[in-house]
Amino acid sequence: MIKEQYYPQAIEKKWQNIWDEKGCNKTTENSDKPKFYALSMFPYPSGRLHMGHVRNYTITDMIARYKKMQGYNVLHPMGWDSFGLPAENAAINKGAIPSEWTFKNIDYMREQLKQLGLMYDWDREVATCTPEYYKFTQWLFLQFYKKGLAYKKEAAVNWCPKCATVLANEQVIEGKCWRCDSTVEKKYLSQWFLKITEYAEQLLQDLDKLEGWPDRVKIMQKNWIGKSFGTILKFKLAENPEIEIPVYTTRPDTAMGITYVVVAPEYPDMDKIVTDECRAKVKEYQDYAKKASEIERLSTERIKTGVPLGTHIINPLNGNKVPLWTADYALIEYGTGAVMAVPAHDTRDWDFAKKYNLPIIEVIRNPEKTDDSPLTEAYVDEGILVNSGQFNGLKNTDAKKAITDFAEKNGFGYAKTQYRLRDWLISRQRYWGAPIPIVYCEHCGEVPVPEDQLPVLLPTDVDFKAEGESPILTSKTFVETTCPICGGKAKRDCDTMDTFICSSWYYLRYTDPHNDKLPFAKDKANYWMNVDQYVGGIEHAILHLLYSRFFTKAMRDFGLVDIDEPFENLLTQGMVLKDGSKMSKSKGNTVDPDEIFEQYGADTARLFILSDSPPERDFDWSDAGVEGCYKFLNRVWRLVYNVQNQLDITNLTYEYATLPKDAKALARKTHQTIKGVINDINNSYQLNTVVSKTRELVNAISEFSQNKKDYTAEEKAVLNEAIVVMVKILAPVTPHLSEEIWEILGNKTSVFEEKFPEYIEEYTKADAITLVLQINGKTRDKIELPVGVSKEECEKLALESEKVKKFLGDMNVIKVIVVPLKLVNIVAK
RNA sequence: GCCGAUGUGGCGAAAUUGGUAGACGCACCAGACUCAAAAUCUGGCGUGGUUCACCCCACGUGCCGGUUCGAGUCCGGCCAUCGGCACCA
């Protein structure tokens with residue numbers, strides 16, 4: 001007996017309980033089916049789900065359920081990226097305890113995810129902030145350490161002098177502290193780095209293997225790694241030839257045009273290369289440079305600043321003596337921290353030289369320039385060398401090699417491949433993260449914590465508001481410890497790891513989440529990996545995805561897995577907007593998923609979020625749109641209700657060729673829909689058109705059944721086939737409703753045990769085609785033709801068309817282009 | 001600033017990848033049902049012109065230019081909006 005009304009809340013609760021009780025979503029490695037690993041980027045437990053989450057997880061769930069119906073053994077897990085700044089801010093602002101705050105959020109959000117009807121295997125849930133998890137985050141750090149891939153060096157942090165604390169970039173607002181508005185400075189601390197640069201070449205090369213990734217993401221990663229071929233040139237200080245200043249350049253061909261050299265304000269040996277007269281000014285400039293961010297410093301728009309050091313270097317190519325400056329457009333992190341300046345052929349150098357009246361020497365001649373008139377702007381393109389002594393007349397592309405060879409032969413330079421990618425700074429002067437498992441012993445120095453003593457637990461006796469370099473320093477139980485080697489007094493490292501470390505290996509933990517000996521067992525990881533479909537926001541295109549790729553390669557080299565890349569296919573979904581801008585609390589344009597579930601049910605929310613935009617594009621939430629989807633599901637329900645007396649899925653056979661016209665049309669629509677839906681899913685998951693096509697099928701079924709009272713057996717079969725297909729196609733999108741209708745159809749098992757429908761090619765073909773007739777590319781007529789008309793016949797019919805004749809008038813036909821079964825274009829004058 | 005995207009009716013979008021622009025939906029308008037409203041059903045719906053209607057014509061995919069028999073789709077140059085920029089995740 002079918003209820004007349006669609007009650008989504010009751011249906012959803014019912015099926016969520018059934019799935020839970022029957023353990024429908026449990027996954028094991030023991031299966032004859034091929035495996036499929038579907039993964040969403042796990043959330044930070046901020047408190048409540050937002051629509052971005054709903055979108056991400058619905059897309060992945062639709063894919064996971066579809067693959068399950070395609071006969072795969074599907075792993076679809078979920079967890080929590082639960083270390084991070086907001087928990088600590090809650091501690092600072094509201095006196096919350098970070099772990100309690102975090103787990104409360106997790107509990108709430110888990111319930112919300114369950115309400116969305118996601119096909120997760122909750123037995124595999126992980127949270128990065130649990131000791132069971134971060135034990136292995138620490139363990140992995142130790143593997144990096146053992147292989148020499150983790151090292152310490154001085155690096156800058158944002159320092160608020162008033163609060164006397166380290167700030168995250170996010171806490172620096174226009175150069176000021178977020179809490180007290182003081183100007184933020186740089187402070188140098190000894191911090192841990194991971195040698196991602198050691199993998200730069202592999203990370204670059206293997207991008208080619210990632211055929212299932214969007215090009216834009218690969219291009220961004222490629223540019224981020226930033227491989228460049230260049231030359232190191234070493235310049236001696238004129239005032240003291242003992243001191244050498246190496247520079248890195250990708251334009252050695254312009255080296256004869258060097259008119260000054262710039263070192264970064266943080267240049268380590270600055271003291272030795274400044275004259276006493278300039279020292280004070282340079283110091284002042286270094287202080288000024290501390291206040292600018294890197295983005296500001298590199299901007300070509302920014303007004304260039306700098307001060308001379310009073311010293312000079314000798315250009316070994318031509319013996320020229322040129323001044324040495326410091327300027328903040330040179331970055332200490334890139335190359336050698338010093339750059340040669342050729343204002344004639346570099347726009348930043350040009351601006352700087354113009355401002356400070358430094359000479360400009362043209363050495364690359366634009367082929368279109370015929371005289372020695374002065375340049376009016378930097379010429380950065382290719383040309384012929386001039387003013388370059390023995391290298392005059394060479395093409396600049398050839399001169400790169402010639403000058404590098406010359407430098408190498410004479411001992412003042414060599415070719416060098418350089419990457420823009422820098423080593424990964426992982427130390428955070430924060431509480432809510434995985435402690436770095438290192439102790440510092442008075443006698444033995446830096447000592448890694450032995451693996452059997454992991455985890456190094458986070459202390460709880462911490463003052464979050466204290467001044468200093470890390471809140472953990474205030475713990476009485478944590479800092480002081482004994483040395484694992486000599487048993488003497490030692491101090492723990494009080495920094496925690498960047499949370500990106502935790503999220504760089506979680507996809508492997510899901511394959512073996514309860515292992516207490518290892519992060520994961522190799523055979524389980526090898527069974528499930530790679531992730532077949534990874535879905536998440538485009539904002540992670542570089543950092544998270546690059547770090548995860550790096551971790552995978554490192555773990556492979558540690559012998560933990562046998563894979564080179566973690567994510568086979570990547571889908572980067574767009575943002576959820578409301579009224580044209582990103583949903584945010586500050587704009588007050590958020591929509592709470594809970595309210596939508598309550599009012600319309602999860603199926604409506606799922607349907608809407610998939611239907612209006614393709615996954616990769618931004619999605620504009622509209623209240624009217626949700627309403628429309630809710631009405632559609634009601635229509636589906638009513639459709640089934642109205643034909644309840646005709647429902648019979650025990651006999652779905654019919655003779656297609658001899659069907660009456662309307663039944664044939666419905667059968668064709670059914671098979672065209674299956675074909676279209678499968679194509680759309682295979683074609684980079686065009687889920688919005690999957691929904692459109694499903695709507696078209698529903699429209700066709702309604703139309704067919706509307707005024708029909710007496711069905712022949714064949715008509716009934718056609719109708720029931722269409723309904724079965726409709727339910728199965730809807731199942732990945734609206735799982736609860738589909739299960740309910742599936743049950744109404746008389747089935748005792750879940751619709752997800754069913755195979756996704758297959759189509760019969762013959763049934764998708766139309767009886768007739770429409771031939772479009774154009775004159776000079778403009779459509780003038782359309783004619784209906786049976787399939788199988790020859791090319792010649794098309795042309796003949798086209799020229800016979802009354803409308804074509806009318807438009808041709810007395811023009812002469814020059815050419816006729818025929819696209820078989822589609823279009824005829826008559827070119828006429 | 002650098003790197004990467006996006007731009008089509010009032011709105012979200014579609015277009016078998018160079019071949020009928022606007023499928024499907026939202027909003028709106030008209031009609032049916034109703035005492036009435038909601039819900040539901042039917043029809044209309046790019047702009048302008050001609051036409052009572054049917055029909056027909058011109059224009060139209062951010063802007064300018066190019067390639068082509070034919071361009072939303074390819075090429076060059078602009079403009080606008082959005083994402084990332086290494087300590088938010």
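No experiment lies behind these values; they were computed from the predicted model shown. Naming convention: chains lettered A, B, ... in sequence-line order (proteins, then strands); numbering from 1 in each chain.
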Sticking with atom C1', work out how far B/A30 lies from B/A53, rounded to a whole angstrom. 16 Å

In whole angstrom, give the distance that lies between atom [atom1] of [X] and atom [atom2] of [N].
X        : N     : atom1 : atom2 : answer
A/Tyr199 : B/A86 : OH    : P     : 25 Å
A/Asn169 : B/G84 : CG    : P     : 13 Å
A/Glu627 : B/A27 : CD    : C1'   : 13 Å
A/Phe500 : B/C88 : CZ    : C1'   : 8 Å
A/Asp498 : B/C88 : CG    : C1'   : 10 Å

What's the closest nucleotide to the side chain of [X] if the choices are [options]?
X        : options             : result
A/Lys631 : B/G83, B/U40, B/C87 : B/U40
A/Asn223 : B/A15, B/U42, B/G4  : B/G4
A/Arg638 : B/A5, B/C41, B/C57  : B/C41
A/Ile542 : B/A86, B/G84, B/C82 : B/G84
A/Lys822 : B/C88, B/U16, B/U17 : B/U16

Within 90° of 0 counts as syn, otherwise anti: where does B/G77 fall?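 Anti conformation here, the glycosidic angle of B/G77 being more than 90° from 0.
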
Please classify the glycosidic conformation of B/U40 as syn (within 90° of 0) or anti (everything else).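 That one's anti.
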
For RNA chain B, what are the stems built from at least three Watson-Crick or G-U pairs in a row, each pair having both distances below 3.5 Å? B:1-7 with B:79-85, B:10-12 with B:24-26, B:28-32 with B:40-44, B:46-49 with B:56-59, B:62-66 with B:74-78

Salt bridge A/Arg428-A/Asp495, side-chain N to carboxylate O under 4.0 Å: no

Salt bridge flag under 4.0 Å for residues A/Arg780 and A/Glu802: no

